[in-house]
Amino acid sequence: MSTKDVMPQFALFQPTDIENALDLLEKYGERGWKVAGGQDSYDWFKDRAKRPEAVIDLGGIAELSGIRETAEGVEIGAMTTLTEIVENTIISGSYGVLAQAASRVASPQIRNAGTLGGNLNQDARCWYYRSGLDCYRAGGNTCYADTPEGMNREHCLFGASRCVAVTPSDTAAAIVALDAEMVIHGPAGERIVPAQEFFIGPAVNITRMTVVEPSELLVAVRIPSKWAGANFYFEKVADRNTWDFPLVNVASSMIVKDGIVEDIRIVCSGVECVPKRIEGAEQIAIGSAPDAETADLAGGTASRGATPLNYNHFKIPLMENLVKRAIRGEA
Amino acid sequence: MANDTQQVLTAHTGQPAVFEEARDPVTRRAFIKSVIATGAVASTGGLMLTGLSGCSDDATPAAGSVERLVTLNINGKSRPVDVLPNESLAMTLRYKLGLTGTKLACDRGECGACTVLIDDVTHNSCSTLTHSVRGREVTTVEGLEQPDGALHPVQQAMIDELGPQCGFCTPGQVMSGVALLKNNPSPTREEVREGMAGNLCRCGAYDHYLNSIMRAARVS
Ligand SMILES: Cc1cc2nc3c(=O)[nH]c(=O)nc-3n(C[C@H](O)[C@H](O)[C@H](O)COP(=O)(O)OP(=O)(O)OC[C@H]3O[C@@H](n4cnc5c(N)ncnc54)[C@H](O)[C@@H]3O)c2cc1C
Ligand code: SF4
Ligand code: FES
Ligand code: FES
């Protein structure tokens, strides 16, 4: 399907403030499309799988960019690029799990253009869907991946509901592991959504990956100082080190006091349509030493409840091992 | 696809764009920076676009409509050009400005052959809207040579180390190397590996490219 032609026609708007952007989003509704770095969007347009009438380029809105320290922690504008996150000393110094996750996204060029908001709101990478097939997620009546012949090596272990696609976002797992809050602006003003509730599965809405409505904008991500300087772990397993999406990744934040895990978040992308918190393993780790024994005990429960598809059984030991390493370190 | 091809054959003119120059932070609602245009759909690359260049018709322009003509800063020169709202920078560079050093391979952000610098940072020009680089400095491989014809140290090192094999990915590799050394003039080999990771080479000349960048770092 890789053709070299221009994208189909659309009207292009380049507002310079949030208010103008919201007006345009409200005006165009489902026929409008927000573009941040465009690294997900342009492929959809080129493939003719999505054909918005109006594209609202957020690149000119200065107030959406940048990383600020606040009394409660740190606030990252949605238009901040992944490279800026990797290079920012507040993030790498105090919330390193996010810098590590961002550094493992795609390629240097894509990180230079791709934004945090775009990475968190990116659409599913199921190739049946991306190639324009009329599956459930595209508003149709079938799932091509969840069939005996379906190529579903990359698909989900948990939370299937007609659609078996996973969240492809590396930063999503880190954002949830940091208990971030998502600041969303829309026609009704501002609303703040906890990161864990920001991502939605097919049972909630099969056509969207997050709670952001077409008329709304993710404005910023707030990370509370609770986890500043915690013990972080991020690891991503992908077919290649560049470009490839996580088969499974793990992001964790752990606070250890006197050799005992006081609090911990362990989150995996690539196993469900939303970043999956591994609460069972967290509960086992809390109150124990972060050693090999705890790791084996907790990691062994990580895949409880998994319902693998034909070709993705390998994800079960993979996620268990990643959770173990998140608790005890790589050694 | 059949549909698009049809459109190309029957409708090869676009409606002129609504477009206002330069981003200005004090601009208010009434001055939403906008490009409203109906670009024609070209299905088979360059020639069609060249044919479109400068086209306009007398369809009713949308309110506030102005010229689709923009001026871009490419390799230190001001280049006026007629740009569709839905046009990628790679298309503009190659098919409207004749800068064919920038290669177009996957057109999907997956190879880095189209790498250019925008304000000294690498971007895949296939995945950049041309209208988003107004007011920014674009550097392509053609812009690296000194006025006296001397090659950029990265280009020279590629020759000295026999970096390329077939050469198709080379302009992109050069641009990533140039950006890397601007940021980090004496990188480790591992840092170069990471910095060049977004440039695919079908010939697998990666090690030669690494040698080239390490040499350029030593001599510059
Ligand atoms: C070859 C390739 C490899 C990749 N590999 C990886 C990988 O390994 N890991 C990974 O995580 N990602 C990967 N990606 C995805 C890439 O990282 C994302 O596409 C990119 O980060 C998206 O950011 P963007 O700003 O370019 O998004 P855009 O394309 O501009 O936007 C993406 C989506 O988010 C919406 N959106 C953007 N900003 C906002 C906002 N502020 N509020 C609400 N909605 C918004 C858009 O409407 C759109 O639907 C890869 C992409 C490519 C092309
Ligand atoms: S997994 Fe989801 S996106 Fe993929 S074919 Fe099935 S319904 Fe469509
Ligand atoms: S042509 Fe742009 S990344 Fe391949
Ligand atoms: S030298 Fe042939 S593709 Fe790189």
Side-chain angles (χ1 to χ4, degrees), chain A residues 1-17 19-21 23-24 27 35-43 45-48 51-63 81 83-84 87 103 106-114 130 132 240-244, chain B residues 1 3-4 8 14 17-18 23-29 31-46 48-49 62 84-88 90-91 104-110 112 115 118 121-124 126-129 131-132 176 179-180 194-200:
Chain A
M1 264 295 278
S2 188
T3 47
K4 290 186 206 74
D5 53 13
V6 293
M7 290 173 241
Q9 62 193 32
F10 50 70
L12 175 65
F13 295 89
Q14 298 186 305
T16 52
D17 60 39
E19 203 189 324
N20 284 336
D23 285 348
L24 288 161
K27 175 168 175 209
V35 159
Q39 304 304 293
D40 188 22
S41 305
Y42 303 147
D43 287 2
F45 306 162
K46 287 173 185 172
D47 290 337
R48 272 73 177 152
R51 299 189 74 148
E53 194 178 302
V55 164
I56 294 105
D57 171 7
L58 306 174
I61 309 179
E63 55 191 314
T81 66
T83 299
E84 283 162 352
E87 290 175 352
S103 78
S107 73
Q109 288 92 326
I110 291 174
R111 294 192 294 273
N112 289 339
R130 304 266 328 177
R240 298 173 298 178
N241 279 331
T242 307
W243 290 295
D244 278 333
Chain B
M1 277 321 295
N3 242 346
D4 296 337
V8 171
V18 171
R23 285 178 175 152
D24 175 354
V26 300
T27 312
R28 298 305 305 167
R29 181 180 304 243
F31 294 96
I32 291 170
K33 299 295 176 294
S34 60
V35 180
I36 305 168
T38 318
V41 181
S43 262
T44 46
M48 185 56 70
L49 264 172
L84 303 175
N86 46 329
E87 189 171 313
S88 73
M91 286 289 184
L104 195 46
C106 69
D107 200 22
R108 293 292 185 281
E110 291 167 7
T115 303
I118 301 174
V121 174
T122 55
H123 285 264
N124 291 325
C126 74
S127 304
T128 305
L129 274 193
H131 276 290
S132 72
S176 284
L180 171 80
E194 280 174 24
M196 307 284 289
N199 292 80
L200 197 80

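Here is how names work: the chains are called A, B, and so on, in the same order as the sequence lines, proteins then strands, and each is numbered from 1.
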Residue pair [X] / [Y], side-chain heavy-atom distance below 4.5 Å:
X     : Y      : result
B:L84 : A:Q9   : no
A:D47 : B:R108 : yes
A:P8  : B:N86  : no

| query | Among B:A179, B:S88, B:S127, B:A90, which has the most heavy-atom pairs under 4.5 Å with chain A? | reply |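 Counting heavy-atom pairs under 4.5 Å, the top option is B:S127.
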| query | Which region of B:T115, side chain (C-beta onward) or backbone (N, CA, C, O), has a non-hydrogen atom less than 4.5 Å from a non-hydrogen atom of chain A, or is it both or neither? | reply |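 For B:T115, the side chain is the part near chain A, not the backbone.
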| field | Side chain / backbone / both / neither for B:L200 at chain A, heavy atoms under 4.5 Å | value |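 Both parts, heavy atoms under 4.5 Å.
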What's the separation between atom [atom1] in [X] and atom [atom2] in [Y], rounded to the nearest 0.5 Å?
X      : Y      : atom1 : atom2 : result
B:L129 : A:F10  : CG    : CZ    : 5.0 Å
B:E110 : A:T242 : CD    : OG1   : 12.5 Å
B:C126 : A:D43  : SG    : CG    : 7.5 Å

Is there a donor-acceptor contact under 3.5 Å from the side chain of [X] to the main chain of [Y]?
X      : Y      : value
A:W243 : B:G109 : yes
A:N112 : B:V121 : no
A:Q39  : B:T128 : no
B:N124 : A:Q109 : no

| request: With a 4.5 Å cut-off on heavy-atom pairs, point out which of A:I110, A:I56, A:V35, A:T83 contacts chain B the most. | output: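 Maximum pair count with chain B is reached by A:I110.
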| request: Just give me the residue among A:A54, A:A21, A:P108, A:S103 that pairs up with chain B most often, heavy atom to heavy atom, under 4.5 Å. | output: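 Of the candidates given, the most pairs with chain B belong to A:P108.
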| request: Kindly give the heavy-atom pair with the smallest separation between B:H123 and A:A113, and that separation in Å. | output: ND1-CB, 3.6 Å
| query | What do the steps show when you test B:H131 against A:D57 for side-chain contact (heavy atoms from CB on, under 4.5 Å), and what is the final call? | reply | CA-CA 10 Å; B:H131 276 290; A:D57 171 7; over 6 Å; no
| Region of A:E53 that comes under 4.5 Å of a non-hydrogen atom in chain B |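 Looking at A:E53, nothing touches chain B.
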